Amino acid sequence: QVQLVESGGGLVQPGGSLRLSCAASGNIFSIYTMAWYRQAPGKQRELVASITSGGSTNYADSVKGRFTISRDNAKNTVYLQMNSLKPEDTAVYYCNGDVQILGSRPRVYWGQGTQVTVSS
């Protein structure tokens, strides 16, 4: 099986920064696109940023210029550096990965989520 475990969430003041990490573990053959999503109370889950295995990135308009997604393929880990945080960034952040285990087709796995709260 595959597990994705997020870390790095917490409480931060507006204008502050946080760095989220998501480490994948298990019988992994390859990881393709990895992404961060978020879900605020009463809202649908939305894509924040994604990164392919080759390093191509995509961002939601609301975070462009403030958030940076990166990955370390050797560690099966994806990161989200969040700067200039705003109260509207408050949400549970979920890691997502398109993972292939040996002998199987790729499928999407989700982490359990980490809370990010931006408040003074």
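What you see is a predicted model, and the numbers here were worked out from it, not measured in a lab.
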Ser53 side chain reached by Ser30 side chain, heavy atoms, under 4.5 Å: no
Validation row: Gln115, Thr90 side chains within 4.5 angstrom (heavy atoms): yes
Distance check, rounded to the nearest 0.5 Å: [X] atom [atom1] versus [Y] atom [atom2]?
X     : Y      : atom1 : atom2 : value
Gln39 : Glu46  : CD    : CD    : 9.5 Å
Gln1  : Asn27  : CD    : CG    : 10.0 Å
Gln44 : Arg38  : CD    : CZ    : 14.0 Å
Ser25 : Lys75  : OG    : NZ    : 15.0 Å
Leu18 : Thr117 : CG    : OG1   : 9.5 Å
Arg19 : Thr68  : CZ    : OG1   : 10.5 Å

Looking at Asp61 and Lys64, is any side-chain nitrogen of the basic one under 4.0 Å from a carboxylate oxygen of the acidic one? yes
How would you list all residue pairs meeting disulfide (SG to SG under 2.5 Å) that involve residues 17-97, not counting sequence neighbours? Cys22-Cys95
Do you reckon [X] sits in the same ILVMFWY cluster as [Y], going by side-chain contacts under 4.5 Å, direct or chained?
X     : Y     : result
Ile69 : Val48 : yes
Val63 : Leu47 : no
Tyr37 : Leu20 : no
Val92 : Met34 : no
Tyr59 : Tyr79 : no

Other members of the hydrophobic cluster containing Leu11, with the 4.5 Å side-chain heavy-atom rule, please. none
Report, as yes or no, whether the 6.0 Å neighbourhood of atom CD on Gln112 holds more than 12 heavy atoms from other residues, nucleotides or ligands. yes
Less than 6.0 angstrom separating the ring centers of Trp36 and Phe67, yes or no? no
Quiz question: by atom type and distance under 3.5 Å, do the side chains of Tyr32 and Gln100 form a donor-acceptor pair? yes
Do Thr77 and Asp72 pair up side chain to side chain, a donor and an acceptor below 3.5 Å, judged on atom types alone? no
How far apart are the C-alpha atoms of Tyr109 and Val2, what are their side-chain angles, what is the distance that settles it, and do they pass the side-chain contact (heavy atoms from CB on, under 4.5 Å) test? CA-CA 7 Å; Tyr109 292 85; Val2 174; 3.7 Å; yes
Mind listing the closest non-hydrogen atom pair of [X] and [Y] along with its distance?
X     : Y      : result
Met82 : Val116 : CE-CG2, 3.9 Å
Leu85 : Arg66  : CA-NH1, 3.9 Å
Ser84 : Ser17  : N-OG, 4.4 Å

So, applying side-chain contact (heavy atoms from CB on, under 4.5 Å) with Ser50, which one of Thr57, Asn96, Asp98, Thr33 is it? Thr33
May I ask you to check if Arg45 and Tyr94 form a cation-pi contact, with NZ or CZ under 6.0 angstrom from the six-membered ring centre and within 45° of the axis? yes
Go through the steps to decide whether Ser62 and Lys86 satisfy the test side-chain contact (heavy atoms from CB on, under 4.5 Å), and finish with yes or no. CA-CA 10 Å; Ser62 59; Lys86 304 174 181 180; over 6 Å; no
Test log, rule side-chain contact (heavy atoms from CB on, under 4.5 Å), inputs Ile28 and Asn76: CA-CA 9 Å; Ile28 297 169; Asn76 290 334; 3.9 Å; yes
